[in-house]
Amino acid sequence: MSLKKNNLLFVPQDYYNVIKKCRKGNNFILNEMKQEDFISTRFLEDAVFKRVKNSNGETINWLKICWMRFLRNEPYKIFYKISMDENAEFKILDLLPRRGRPRKFENIVLTPLYKNIRQIVMDQTTLSWSTRIKGFAICFIVGILCSFLGSFALFLQKGLAVFAVFYTLGNIISLASTCFLMGPCNQFKKMFASTRIIATILVFVSIALTFFAAVHLHNPGLALLFIIIQSLAMTWYSLSYIPYARDAVKKTVEACVT
């Protein structure tokens with residue numbers, strides 16, 4: 001009931017308010033953490049995770065560890081297993097070096113995680129989730145309609161330029177529709193990530209060149225060439241959001257070529 005009344009969950013304070021009001025009686029007891037409660041463990045991690053061998057001289061693969069045990073009477077040892085088998089013996093990782101001066105963990109200073117107040121950018125604005133879904137659907141449908149209506153211009157005399165304009169507008173509106181889902185700031189961050197920055201630049205350049213060829217130069221052939229480049233760039237850009245999709249396309253093309 002509290003979530004229906006307060007359906008905006010963007011910052012930690014929103015979750016705090018909802019949980020606090022979700023029971024009429026016997027309310028949850030909440031302890032709100034302050035900035036000084038967050039401690040950086042970087043120096044402690046450096047002291048521990050640099051260990052590559054256990055007590056038996058075996059290489060440690062931290063990603064395969066399934067079970068860890070800590071004993072109060074042996075604070076400088078980590079007992080671990082790489083399986084959940086109860087009968088398997090624990091392997092031992094000794095945190096104290098065998099050679100040289102022993103590392104005194106009690107002297108490691110745990111510094112604050114954040115020096116300043118962390119600013120939260122609410123790029124989702126104050127739109128509810130249902131409103132954002134509607135905005136996404138409307139923009140996406142309008143974008144498809146623009147591309148579809150532009151195809152009728154192909155049957156008109158010198159209609160290729162009109163088709164290029166409508167097709168490009170459709171791609172722009174469809175691309176902008178995802179801003180409703182993730183917010184404009186997050187959208188631009190994802191668009192210019194290292195895995196898709198080249199595709200994003202190609203999309204924007206081909207869009208600009210398509211408009212230039214169709215509106216300024218009135219060159220249908222050149223506009224058609226830029227439309228093809230634009231479609232390929234949009235396809236490559238969209239595939240970046242699907243895991244392993246680009247690798248599958250590369251292998252398919254290599255198989256067809258060879």
Side-chain angles (χ1 to χ4, degrees), residues 9 11-12 15-16 19 28-121 182 185-200 236-258:
L9 296 177
V11 296
Y15 289 90
Y16 181 87
I19 296 173
F28 287 110
I29 299 175
L30 301 179
N31 294 319
E32 189 173 1
M33 298 182 70
K34 306 298 182 183
Q35 179 182 344
E36 55 270 16
D37 295 329
F38 295 89
I39 303 298
S40 174
T41 59
R42 183 170 64 88
F43 297 112
L44 183 60
E45 291 173 9
D46 291 341
V48 175
F49 285 89
K50 286 183 178 179
R51 311 292 177 174
V52 295
K53 301 284 186 179
N54 61 17
S55 300
N56 296 328
E58 300 171 337
T59 302
I60 302 172
N61 189 336
W62 290 92
L63 296 178
K64 291 185 177 181
I65 294 178
C66 303
W67 191 339
M68 301 181 74
R69 174 180 290 176
F70 301 89
L71 301 179
R72 180 178 296 180
N73 57 343
E74 295 188 89
Y76 298 114
K77 290 184 180 180
I78 298 177
F79 300 84
Y80 70 93
K81 293 181 182 182
I82 58 175
S83 70
M84 298 303 293
D85 185 4
E86 295 184 357
N87 297 323
E89 293 184 0
F90 280 96
K91 297 183 179 181
I92 302 174
L93 169 62
D94 193 351
L95 300 180
L96 297 177
R98 297 180 180 178
R99 299 177 182 177
R101 183 182 298 177
R103 184 70 179 270
K104 294 183 178 180
F105 286 87
E106 60 270 15
N107 293 337
I108 296 178
V109 179
L110 299 180
T111 58
L113 183 61
Y114 305 115
K115 295 182 180 179
N116 301 313
I117 297 176
R118 305 288 291 182
Q119 297 293 332
I120 299 177
V121 180
M182 63 183 70
C185 292
N186 197 15
Q187 169 78 358
F188 278 104
K189 287 180 182 178
K190 290 182 179 295
M191 289 177 68
F192 290 96
S194 58
T195 55
R196 59 181 68 94
I197 185 171
I198 297 177
T200 301
W236 193 247
Y237 167 80
S238 301
L239 289 175
S240 66
Y241 289 95
I242 305 174
Y244 307 109
R246 284 182 171 181
D247 294 335
V249 172
K250 287 179 182 178
K251 291 180 181 179
T252 303
V253 173
E254 290 176 358
C256 293
V257 172
T258 56

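All figures in this text were calculated on a predicted structure; none of them were measured in a lab.
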I need the Ile65 CD1 to Leu93 CG distance, nearest 0.5 Å. 7.5 Å
Within a 6.0 Å radius of atom CD1 on Ile39, are there more than 12 heavy atoms belonging to other residues, nucleotides or ligands? yes
So which atom in Leu110 and which in Ser40 form the shortest heavy-atom distance, rounded to 0.1 Å? CD2-O, 3.7 Å
Gap between atom NZ of Lys53 and atom CD of Glu58 - 0.5 Å precision: 9.0 Å
Counting N and O atoms only, with roles assigned by atom type, does the side chain of Thr200 sit under 3.5 Å from a partner on the main chain of Phe192, one being a donor and the other an acceptor? no
Atom OH of Tyr237 and atom OG1 of Thr195: how far apart are they, to the nearest 0.5 Å? 9.5 Å
Whether Asn54 side chain and Asn56 backbone form a donor-acceptor pair below 3.5 Å: yes
I'd like to know whether CD1 of Ile82 has more than 12 heavy-atom contacts from other residues, nucleotides or ligands below 6.0 angstrom. no
Could you tell me which residues satisfy ring pair (Phe, Tyr, Trp, His ring centres under 6.0 Å) with Phe90, sequence neighbours excluded, listed by chain and number? Trp67
Is there a side-chain contact between Arg196 and Lys190 (heavy atoms, below 4.5 Å)? yes
Crowded around Asn31 CG? As in, over 12 foreign heavy atoms under 6.0 Å? no
Do Arg69 and Leu71 have side-chain heavy atoms sitting under 4.5 Å apart? yes
Tell me, yes or no, whether the heavy-atom count around Tyr244 atom OH, taken from other residues, nucleotides or ligands under 6.0 Å, exceeds 12. no
Kindly indicate whether the side chain of Thr111, heavy atoms from C-beta on, has any atom under 4.5 Å from the side chain of Phe43. yes
Are any side-chain N or O atoms of Ser55 and backbone N or O atoms of Ile92, one a donor and one an acceptor, separated by less than 3.5 Å? yes
Does CD belonging to Glu89 count more than 12 external heavy atoms closer than 6.0 Å? no
Closest heavy-atom pair, Trp236 versus Val249, reported as atoms and distance to 0.1 Å, is CZ3-CG1, 4.3 Å
Quick one: CG on Asp247 to OG1 on Thr252, what's the gap to the nearest 0.5 Å? 10.5 Å
If you define the side chain from C-beta out and look only at heavy atoms, does anything of Arg246 sit under 4.5 Å from Ser240? yes
Would you say Glu36 has more than 12 foreign heavy atoms packed within less than 6.0 Å of its CD? yes
Check whether more than 12 heavy atoms from other residues, nucleotides or ligands sit under 6.0 Å from atom CZ of Phe188, and answer yes or no. no
